[in-house]
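Below is one structure, written out as structure tokens; comments come after it.
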Amino acid sequence: MYDVAIIGSGPAGLSAALNLKLHNKNTLWFGSPELSAKVEKSELIANYPGIPMVTGADLNRRFRQQIEDMGLVLTDKMVTNISSTRKGFMILGDNDIFDAKAIILATGAVSPKGLPGEHELLGHGVSLCATCDGFLYPGKTIAVFCGSQRFEHEVAYLAGIAEKVYLYTTYADCQVDLPNVIRLTQPMAEICGENRVSSIRLKDGEELPADGVFMLRPAVAAATLLKGLETDGPHIVADRQCRTNTPGCFAAGDCTGRPYQLTKAMGEGNIAAHSVLDYLAEMEKDH
């Protein structure tokens, strides 16, 4: 069991990981090796103390170098579910299970809404993980919502199982080119079905039969990720010590609300890490 799991490799997650490393905690850090796409795409950052007028790409490069220098390791697995256990938390990353005494959510701001029908049919034809549930659809028709190029290998994986794949991407320059993958030019507007997925409806009103729908996004909405977690719209409710309403669960960065600023995220990552240290120390006392 890990001391702590960090979900998110943006500035808040990095700050938390660095501080926990300095305190020799056994940390599992989930996130993309590319770090924050939001930072990467920033043309110029003028308010980062000590590094004036830096491009986002250059700052991310410095972050990656620091990660390497500190010997930190990122686990590039998509976390789709976290559940509380008697000893801490059980985390589902892709189709692997991990255990940690505490968690820090640094997932960035994620829309809690999703598509109409998505939440209601989750686990009944709607899946957030290709490698977890793809095997259920051999020879069937599925639809895939792909929110990042980093998931294109999962689209290809699904195409190797299903007979037909309807694919909608939120970005241009999709590299998936397979004979059974049909690119949708209209956005998905609704996932339809009574007790199980039966079809998808597009923005123009067209309805396409589907046995299942895979929602591949860079992050899962907090309320979906951890049942019972208190949220306010897209944000996780956390106090000044970055504590949530779930004991042992802390939150930092854009996921806790505005302002969406690098310096705010870094500071909260630091606070969350120290709150975890206090929490783990209390756990030790109790045992």
Side-chain angles (χ1 to χ4, degrees), residues 4-23 25 27-80 93-94 103-111 146-154 169-175 216-222 225 234-236 242 250-274 276:
V4 56
I6 303 169
I7 294 88
S9 56
L14 170 60
S15 178
L18 288 169
N19 280 280
L20 290 164
K21 174 73 173 183
L22 291 171
H23 285 83
K25 293 303 174 184
T27 303
L28 177 62
W29 187 16
F30 291 97
S32 167
E34 300 304 314
L35 307 184
S36 169
K38 181 179 176 182
V39 173
E40 185 73 24
K41 293 175 182 177
S42 297
E43 184 176 354
L44 199 63
I45 299 166
N47 64 345
Y48 195 93
I51 312 178
M53 298 303 180
V54 62
T55 66
D58 187 42
L59 188 59
N60 250 356
R61 180 187 59 77
R62 298 186 191 203
F63 287 164
R64 284 191 289 270
Q65 186 61 56
Q66 189 174 22
I67 288 168
E68 183 178 336
D69 293 344
M70 290 290 290
L72 293 169
V73 177
L74 270 164
T75 300
D76 190 10
K77 291 181 181 291
M78 181 67 180
V79 175
T80 54
D94 288 345
I103 55 171
I104 295 175
L105 301 177
T107 55
V110 183
S111 171
C146 186
S148 171
Q149 284 185 321
R150 65 179 287 214
F151 299 121
E152 289 187 358
H153 71 284
E154 296 194 27
T169 65
T170 59
Y171 56 90
D173 195 29
C174 176
Q175 300 300 306
L216 307 181
R217 297 192 182 97
V220 177
L225 199 60
H235 304 130
I236 300 169
C242 295
F250 304 83
D254 286 0
C255 66
T256 66
R258 297 180 183 275
Y260 299 150
Q261 295 285 325
L262 274 168
T263 47
K264 179 254 193 187
M266 288 285 191
E268 286 191 350
N270 182 296
I271 293 169
H274 283 86
V276 164

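Along the sequence shown, residues are numbered consecutively beginning with 1.
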Q: Compare every heavy atom of Glu152 with every heavy atom of Tyr171, then report the nearest pair and how far apart it is.
A: OH-OE2, 2.7 Å
Q: Output yes when a side-chain donor or acceptor of Ser36 lies under 3.5 Å from a complementary backbone atom of Val39, and no otherwise.
A: yes
**Q.** Thr107 side-chain N/O to Leu105 backbone N/O, donor-acceptor pair under 3.5 Å
**A.** no
Q: Determine the minimum heavy-atom distance between Ala252 and Cys255, stating which atoms define it.
A: O-SG, 3.3 Å
**Q.** Side-chain donor/acceptor of Ser148 to backbone N/O of Arg150, under 3.5 Å
**A.** yes
Q: Answer whether the closest heavy-atom distance between the side chains of Thr256 and His235 falls below 4.5 Å.
A: no
(Q) Ignoring hydrogens, what is the shortest heavy-atom contact between Val73 and Trp29? Give both atom names and the distance. (A) O-CB, 3.8 Å
Q) Taking the side chain as C-beta and beyond, is there a heavy-atom pair between Glu40 and Leu35 under 4.5 Å? A) no
Q) Are side-chain N/O atoms of His23 and Asn19 paired as donor and acceptor at under 3.5 Å? A) no
Q.
Within the structure provided, determine whether Val79 and Val220 are in side-chain contact (heavy-atom separation under 4.5 Å).
A. no
Q. Is the backbone of Cys146 close enough, under 3.5 Å, to the side chain of Thr169 for a donor and an acceptor to pair up by distance?
A. no
**Q.** Residues Glu268 and Lys264 bridged, charged N to O under 4.0 Å
**A.** yes
Q. Roughly how far apart are Leu59 CG and Ser42 OG, rounded to 0.5 Å?
A. 8.5 Å
Q) Between atom OG of Ser32 and atom CG of Asp76, what is the distance when rounded to the nearest 0.5 Å? A) 5.5 Å
**Q.** Residue that, paired with Ile6, satisfies side-chain contact (heavy atoms from CB on, under 4.5 Å) out of Leu20, Ile103, Leu74
**A.** Leu20
Q | 4.5 Å side-chain heavy-atom contact, Asp58 and Ile51 | A | no
Q) Any side-chain heavy-atom pair from Asp254 and Lys38 closer than 4.5 angstrom? A) yes
Q) Going from CE on Met78 to CZ on Phe30, what distance comes out if it is rounded to the nearest 0.5 angstrom? A) 11.5 Å
Q) What are the two closest heavy atoms between Ala106 and Gly13, and how far apart are they? A) CB-N, 3.6 Å
Q: Taking Gln149 for its side chain and Asp173 for its backbone only, find out whether a donor-acceptor pair lies under 3.5 Å.
A: yes
Q. In Å, rounded to the nearest 0.5 Å, how long is the span from CZ of Arg64 to CD of Glu34?
A. 5.5 Å
Q. Which heavy-atom pair separates Leu72 from Ala17 by the least distance, and what is that distance?
A. CD2-O, 3.8 Å
(Q) Rounded at 0.5 Å granularity, tell me how far OG1 in Thr55 sits from CD1 in Ile45. (A) 7.5 Å
Q: Report the C-alpha distance between Met53 and Leu44 in whole Å, list the side-chain angles of each, state the deciding distance to 0.1 Å, and finish with yes or no for side chain to side chain contact (heavy atoms under 4.5 Å, CB included).
A: CA-CA 6 Å; Met53 298 303 180; Leu44 199 63; 3.7 Å; yes
Q. Taking atom CD1 of Ile67 and atom CG of Asn60, what is their separation to the nearest 0.5 Å?
A. 8.5 Å
